[in-house]
2 protein chains.
Amino acid sequence: MNTFSEILKRNSLSITDGRIKILELFYASDGALAHADIEKNAGLVLDRVTVYRTLQTFVEKGIIHQVPTTDNSVLYALCRQNCANGHHHDNHVHFVCNQCQETVCLDDVTVPAVKLPAGFKPIQSAMIVTGLCNNCK
Amino acid sequence: MNTFSEILKRNSLSITDGRIKILELFYASDGALAHADIEKNAGLVLDRVTVYRTLQTFVEKGIIHQVPTTDNSVLYALCRQNCANGHHHDNHVHFVCNQCQETVCLDDVTVPAVKLPAGFKPIQSAMIVTGLCNNCK
DNA sequence: TAAATATTTGCAACAATATTGCAAAAAATA
DNA sequence: TATTTTTTGCAATATTGTTGCAAATATTTA
Ligand SMILES: [Mn+2]
Ligand SMILES: [Mn+2]
Ligand SMILES: [Zn+2]
Ligand SMILES: [Zn+2]
């Protein structure tokens with residue numbers, strides 16, 4: 001039993017070709033993936049709808065998280081911390097490269113606190129930095 | 001000639017009922033507006049397509065800016081700084097209230113700088129804070 | 001291992017959101 | 001006011017995401 005099967009098993013998910021294929025794609029990628037990226041790479045094996053459902057399941061299980069974007073696209077990336085079952089701990093900064101268009105999780109960079117006007121109570125913060133990544137600079 | 005007409009004139013845009021109506025909606029609203037909000041309030045006067053085109057035009061002219069969101073919805077808000085023709089200066093924090101669901105621009109709260117890993121060159125930053133707003137706390 | 005059960009998948013239909021071309025209408029200019 | 005330019009509405013089309021359901025596959029039980 002390979003790593004991907006183990007991940008599925010650990011999360012009480014049935015081991016299927018589609019799920020393994022999608023896990024492979026995430027582990028092979030440096031950056032975040034859009035639904036379209038996955039469909040393009042696994043489209044011969046998987047139906048559109050299955051991709052949607054798999055991504056949803058993986059988010060629920062804490063295997064991947066939705067990446068915030070400024071262009072209202074939907075991106076997903078692996079959870080490196082041990083997130084589980086609806087409890088995500090991804091308070092890290094996300095970086096979008098203007099050159100290669102990749103979006104990467106800066107897992108070690110925590111979103112800084114910020115002083116809000118009186119009366120505002122912060123609960124969660126997200127931060128997206130755009131610029132040039134370490135490959136493109 | 002009223003304020004809204006002047007705004008349009010200043011931006012070399014024809015003065016039309018639709019554009020004035022949409023400006024009115026933005027100036028009457030505390031928070032950011034979605035396309036659907038505008039359509040709901042101006043739908044009798046305006047076609048869906050005209051709303052899309054007007055929002056796009058206003059963004060290009062620097063009258064409004066797209067508000068970053070974490071739920072891949074598209075929101076727009078007035079530019080308070082003097083943004084113009086593709087040059088936006090909206091490096092302020094955006095706040096989403098979990099209670100009333102409003103998204104507001106915290107125009108006076110600047111997105112803090114953050115230390116990135118070696119090789120990453122930041123150009124622009126966006127920050128979205130969720131929590132309870134000053135009306136709902 | 002084979003049968004029974006539970007889960008996942010693909011397909012088709014549908015819904016919501018957004019874009020485009022083009023002729024009619026309205027606004028700006030002469 | 002006549003001419004020119006810009007904007008608008010409509011219809012058609014594209015893109016993205018959701019749902020119900022039967023067939024296929026995976027897991028569990030015996
Ligand atoms: Mn991330
Ligand atoms: Mn804003
Ligand atoms: Zn890059
Ligand atoms: Zn509120």
Side-chain angles (χ1 to χ4, degrees), chain A residues 1-2 4-25 32-61 63-76 85 103, chain B residues 1-2 4-25 32-61 63-64 66-76 85 101 103:
Chain A
M1 185 168 320
N2 64 33
F4 301 129
S5 301
E6 278 161 20
I7 292 172
L8 294 173
K9 190 151 235 181
R10 191 188 316 141
N11 287 280
S12 342
L13 292 173
S14 299
I15 296 163
T16 66
D17 292 351
R19 286 173 176 166
I20 288 177
K21 179 69 189 168
I22 290 180
L23 280 178
E24 276 175 12
L25 288 174
L33 297 177
H35 178 278
D37 297 323
I38 294 164
E39 210 188 318
K40 195 166 55 185
N41 283 288
L44 297 167
V45 197
L46 284 175
D47 187 78
R48 268 168 54 70
V49 176
T50 303
V51 175
Y52 279 114
R53 289 197 271 227
T54 304
L55 291 172
Q56 196 176 298
T57 302
F58 283 4
V59 169
E60 282 161 10
K61 290 295 185 177
I63 299 170
I64 60 178
H65 61 279
Q66 267 205 232
V67 175
T69 62
T70 48
D71 67 345
N72 80 294
S73 64
V74 186
L75 295 177
Y76 300 88
N85 254 306
T103 295
Chain B
M1 185 170 317
N2 64 34
F4 301 130
S5 301
E6 278 161 21
I7 293 172
L8 294 173
K9 190 151 235 179
R10 190 189 314 141
N11 287 281
S12 343
L13 291 173
S14 299
I15 297 164
T16 67
D17 293 351
R19 285 174 178 167
I20 289 178
K21 179 68 189 169
I22 291 180
L23 280 179
E24 275 174 14
L25 289 174
L33 297 177
H35 177 278
D37 298 322
I38 293 164
E39 209 188 319
K40 195 167 56 188
N41 283 287
L44 298 167
V45 198
L46 284 174
D47 188 78
R48 269 171 61 71
V49 176
T50 303
V51 174
Y52 279 115
R53 289 197 271 227
T54 303
L55 291 172
Q56 194 177 300
T57 302
F58 283 4
V59 169
E60 282 162 9
K61 290 294 185 176
I63 299 170
I64 60 177
Q66 267 205 230
V67 175
T69 62
T70 47
D71 67 345
N72 82 294
S73 64
V74 185
L75 295 177
Y76 300 90
N85 254 307
Q101 306 299 335
T103 295

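In the text below, chain A, chain B and the rest are named by the order of the sequence lines, each starting its count at 1.
In this structure, B:Gln56 and B:Thr16 both approach DNA chain C, and ranking their closest nucleotides by distance from the 5' end singles out B:Gln56. Place A:Tyr52 and B:Thr57 on DNA chain D by their nearest nucleotides, and B:Thr57 ends up nearer the 5' end. Comparing A:Asp17 and A:Asn72 by the nucleotide of DNA chain C whose heavy atom lies nearest to each, the residue mapping closer to the 5' end is A:Asp17.
For B:Lys21 (side chain) and B:Ala42 (main-chain N/O), no donor-acceptor pair under 3.5 Å exists by modelled atom type. Between the side chain of A:Asn11 and the backbone N or O of A:Leu13 there is no donor-acceptor pair closer than 3.5 Å.
One atom, CG of A:Leu55, and another, P of C:dT9, lie 12 Å apart when rounded to the nearest Å. What separates CZ of A:Arg48 from C1' of C:dA13 is a distance of 13 Å, to the nearest Å. Atom pair B:Lys21:NZ and C:dA26:P shows a separation of 19 Å (rounding to whole Å applied). Atom-to-atom, NZ of B:Lys40 to C1' of C:dA16 comes out at 15 Å; the value is rounded to the nearest Å. Distance B:Asp47 CG to C:dA24 P: 17 Å, rounded to the nearest Å. Between the C1' atom of C:dA27 and the CD1 atom of B:Ile20 lies a distance of 12 Å, rounded to the nearest Å.
Here the OG1 atom belonging to A:Thr54 is positioned 6.5 Å from the CG atom belonging to A:Leu46, to the nearest 0.5 angstrom.
In terms of heavy-atom proximity, B:Ile22 sits nearest to B:Phe58 at CG2-CE2, 4.0 Å. Closest heavy-atom contact between B:Val67 and B:Ala32: CG2-CB, 4.0 Å. Between A:Arg19 and A:Ser14, the closest heavy-atom pair is NH1-O, 3.1 Å. A pairwise comparison of heavy atoms in B:His35 and B:Arg48 identifies NE2-O, 3.5 Å as the closest pair.
Residue-level contact check: B:Val51 touches neither bases nor backbone, having no heavy atom under 4.0 Å from any strand. Residue contacts for B:Arg19: at a heavy-atom cut-off of 4.0 Å it reaches the sugar-phosphate backbone alone, with no base atom in range.
A 4.0 Å heavy-atom criterion places the boundary nucleotides of DNA chain D facing chain B at D:dT6 to D:dA11, written 5' to 3'.
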